[in-house]
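Report on the structure given below.
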Amino acid sequence: MNILVTGSEGFIGSHLVEKLLNVGHKVKALVLYNSFNSAGWLDHLKNNKNLKIIFGDIRDENFLLENFKNIDCVFHLAALISIPHSYVSFNSFLDTNIKGTTNILNASRKHKVKKIFVTSTSEVYGSAQYVPIDETHPLSPQSPYAATKVSADSIAISFFKSFDLPVTVLRPFNAYGPRQSARAIIPSIIAQVLNSKKFIKVGNIKSFRDFTYVDDTVNGFICALTAKNILGETINISTGYETSIKELIEIVKREIGKPHLKLIFDKKRFRPGNSEVNRLLGCNKKAKKLLKWKPSKAGLRGFQDGIRKTISWFKVEDNLKQYNSNTYNT
Ligand SMILES: NC(=O)c1ccc[n+]([C@@H]2O[C@H](COP(=O)([O-])OP(=O)(O)OC[C@H]3O[C@@H](n4cnc5c(N)ncnc54)[C@H](O)[C@@H]3O)[C@@H](O)[C@H]2O)c1
């Protein structure tokens with residue numbers, strides 16, 4: 001299949017592109033235009049003959065219309081994703097996450113793309129009102145980021161209902177693994193523990209997340225490619241197991257062999273009270289049924305295994321040096 005991936009140079013996108021190439025697809029990877037000619041986490045794949053990298057911007061509909069010819073399927077992952085940044089820069093979130101997604105849908109419609117997968121996030125649910133959170137759980141965004149993702153999801157489903165556009169919304173819970181940006185909690189903790197002798201800086205450690213190893217997240221996307229009866233559906237990609245941030249820190253400290261490190265609570269790292277999402281634990285029954293997918297790393301053992309793999313990647317000097325553990329990255 002000819003598959004276009006947006007957000008392809010990012011954390012989840014780069015793993016998805018690798019996997020799509022490995023299973024024999026031709027991939028057109030949209031990378032956010034930049035003057036360094038950097039393809040981010042796809043730089044090592046630049047010579048792959050089945051990969052075509054295009055530099056552009058999802059906010060530019062004209063660019064998309066030019067590039068969607070002869071595309072069978074689109075995985076749309078491009079987004080601004082930092083919650084702290086969304087508190088101050090919400091117009092760029094509106095432009096990228098809402099208008100950008102609408103542009104993707106319009107270009108897909110115009111070029112009769114056969115399958116479009118829009119990437120949502122568990123943040124759209126807000127703190128769990130019941131657990132596990134299934135797809136009928138109320139949507140209650142607690143940050144501008146989450147609000148833009150609710151809008152993007154709604155527009156995607158409205159295009160299915162209004163124009164028969166073959167769209168499916170895939171809704172990952174917190175992904176983690178190699179290449180994740182320093183803004184996320186797991187890379188931030190691992191990089192600090194590896195680099196520190198006495199303490200690490202943290203924010204709220206009381207919240208719970210359903211951490212999903214990135215290979216599992218990506219396998220969910222791959223399963224969606226051939227799944228039947230999923231048009232117009234929204235599907236959680238989660239493990240059904242939750243871990244508190246406190247426990248996560250203990251696991252990382254133990255695995256790295258620095259159990260003595262103290263925690264320093266850093267005001268900057270807390271979200272405003274009402275914006276704090278206390279608990280996200282996803283129900284994955286629908287994914288199991290419709291996508292015939294299940295996570296390979298589930299439960300405490302699966303999580304410890306995923307963390308171990310992530311730490312091994314971070315321990316490689318060339319990888320670790322890309323993470324500045326002294327600053328708070330938003
Ligand atoms: N990482 C997670 O835990 C997680 C969880 C749930 C959902 N998601 C969703 O998965 C998707 C990918 O997230 P990620 O963690 O890989 O983030 P990421 O920041 O690594 O990747 C996002 C990519 O989008 C690109 N991008 C941003 N603005 C763009 C624009 N205007 N035009 C073209 N490209 C643009 C960025 O360059 C980046 O490479 C996002 O839609 C995010 O909301 C992520």
Side-chain angles (χ1 to χ4, degrees), residues 4-18 28-34 36 38-43 53-64 67 74-86 89 91-104 107 117-125 133 141 143-153 156 169-188 209-218 220-221 234-239 277 280 282 306 310 322 329-330:
L4 187 141
V5 180
T6 75
S8 60
E9 77 278 39
F11 164 49
I12 302 177
S14 63
H15 287 279
L16 177 62
V17 169
E18 276 178 353
K28 203 171 194 183
L30 199 172
V31 170
L32 181 60
Y33 178 84
N34 62 86
F36 306 104
S38 163
W41 291 116
L42 290 185
D43 267 339
I53 292 175
I54 52 168
F55 290 93
D57 195 314
I58 60 165
R59 289 167 294 185
D60 189 329
E61 194 175 12
N62 188 53
F63 169 80
L64 298 178
N67 279 287
V74 171
F75 282 104
H76 172 44
L77 289 91
L80 293 179
I81 72 157
S82 158
I83 290 171
H85 191 49
S86 81
S89 195
N91 281 325
S92 44
F93 279 70
L94 298 182
D95 290 345
T96 302
N97 297 357
I98 304 180
K99 187 67 173 38
T101 300
T102 311
N103 289 340
I104 295 285
F117 298 101
V118 167
T119 313
S120 176
T121 166
S122 52
E123 285 283 330
V124 298
Y125 295 120
I133 298 173
S143 64
Y145 162 66
T148 61
K149 295 296 272 188
V150 170
S151 310
D153 296 357
V169 173
L170 299 173
R171 185 167 286 159
F173 281 57
N174 289 67
Y176 71 99
R179 304 180 188 154
Q180 186 166 27
S181 95
R183 297 164 301 195
I185 184 72
I186 291 183
S188 154
R209 290 292 184 268
D210 185 330
F211 290 110
T212 310
Y213 193 65
V214 65
D215 287 353
D216 282 330
T217 309
V218 162
F221 282 48
T234 297
I235 306 170
N236 286 345
I237 300 194
S238 62
T239 68
V277 174
L280 290 171
T310 310
Q322 305 199 45
N329 302 284
T330 63

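Order of listing sets the numbers, starting from 1, for every ligand and every atom in it. The basis for the numbers below is simple: all heavy atoms, side chains too, and nothing from hydrogens, waters or symmetry mates.
- Heavy-atom proximity to Gly10, at under 4.0 Å, picks out these atoms of ligand 1: 20 (O), 21 (O), 39 (O).
- By the 4.5 Å heavy-atom criterion applied to side chains, Phe93 and Ile98 are not counted as neighbours.
- Stacking of Arg183 on the aromatic ring of Phe11 is not recorded, the 6.0 Å distance cut-off and the 45° axial limit not both being met.
- Residue contacts with ligand 1 for Arg171 are absent, since no atom lies close enough (heavy atoms, distance under 4.0 Å).
- Side-chain contact, Thr148 with Ser151: no donor N or O sits under 3.5 Å from an acceptor N or O.
- Against a heavy-atom cut-off of under 4.0 Å, Glu9 is close to the following atoms of ligand 1: 36 (C), 37 (O), 39 (O).
- Protein heavy atom at the shortest distance from atom 34 (N) of ligand 1 is Ala78 CB, 3.5 Å.
- Residue contacts with ligand 1, taken as heavy atom pairs separated by less than 4.0 Å, involve Ile58 via backbone and side-chain atoms alike.
- Only side-chain heavy atoms of Ile81 come within less than 4.0 Å of ligand 1; its backbone N, CA, C and O stay farther off.
- Put simply, the side chain of Leu30 does not reach to within 4.5 Å of the side chain of Ile53, judged on heavy atoms.
- Atoms of ligand 1 lying under 4.0 Å from any heavy atom of Gly7, numbered from 1 in the order shown and given with element: 23 (C), 24 (O).
- Here the heavy atom of the protein found nearest to atom 29 (C) of ligand 1 is Leu32 CD1, 3.8 Å.
- Ligand 1 lies less than 4.0 angstrom from a heavy atom belonging to Tyr145.
- Regarding atom 40 (C) of ligand 1, its nearest protein heavy-atom neighbour is Leu77 O, 3.1 Å.
- Using a 4.5 Å cut-off on side-chain heavy atoms (C-beta onward), Asp153 and Thr234 make no contact.
- Taking the ring centroids of Tyr213 and Tyr176, they lie under the 6.0 Å cut-off.
- No side-chain donor from either of Thr119 and His76 sits under 3.5 Å from a side-chain acceptor of the other.
- Counting only heavy atoms of the protein, atom 27 (C) of ligand 1 lies nearest to Ala79 O, 3.5 Å.
- The single protein non-hydrogen atom nearest to atom 28 (N) of ligand 1 is Thr96 CG2, 3.5 Å, given as residue, atom name and distance.
- The proximity of Phe211 to ligand 1, defined as any non-hydrogen pair under 4.0 Å, does not occur for either the backbone or the side chain.
- For ligand 1, the atoms sitting less than 4.0 Å from at least one non-hydrogen atom of Arg183 are 19 (O), numbered in the order shown with element in parentheses.
- Counting protein heavy atoms only, atom 44 (C) of ligand 1 is closest to Ile12 CD1, 3.7 Å.
- Distances from atom 1 (N) of ligand 1 to the heavy atoms of Arg209, Gln180, Lys149 show the closest one on Gln180.
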**Request:** Show the numbers, then the answer: is there a side-chain contact (heavy atoms from CB on, under 4.5 Å) between Val5 and Lys28?
**Result:** CA-CA 6 Å; Val5 180; Lys28 203 171 194 183; over 6 Å; no
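- Salt bridge present: Glu18 and Arg179 bring a charged side-chain N and a carboxylate O closer than 4.0 Å.
- In this structure, Phe75 and Thr6 have side chains that are not in contact, with every pair of non-hydrogen atoms separated by 4.5 Å or more.
- Here the heavy atom of the protein found nearest to atom 20 (O) of ligand 1 is Phe11 N, 2.9 Å.
- Residue Ser120 has at least one heavy-atom neighbour below 4.0 Å for each of these atoms of ligand 1: 6 (C), 7 (C), 8 (N), 9 (C).
- Short contacts between ligand 1 and Asn174, defined as distances under 4.0 Å to a heavy atom of the residue, involve ligand atoms 3 (O).
- Counting heavy atoms only, Thr119 comes closest to atom 9 (C) of ligand 1 of the residues Asp57, Leu170, Thr119, Ile104.
- By the 4.5 Å heavy-atom criterion applied to side chains, Gln180 and Val214 are not counted as neighbours.
- By the salt bridge (charged side-chain N to carboxylate O under 4.0 Å, His left out) test, Arg59 pairs with Asp57, sequence neighbours left out.
- Heavy-atom proximity to atom 3 (O) of ligand 1, evaluated over Ser8, Ser238, Ala175, Ser92, is greatest for Ala175.
- With hydrogens left out, the protein atom closest to atom 6 (C) of ligand 1 is Pro172 O, 3.2 Å, a heavy atom.
- Residues Val74 and Ile104 meet the side-chain proximity criterion, which asks for heavy atoms closer than 4.5 Å.
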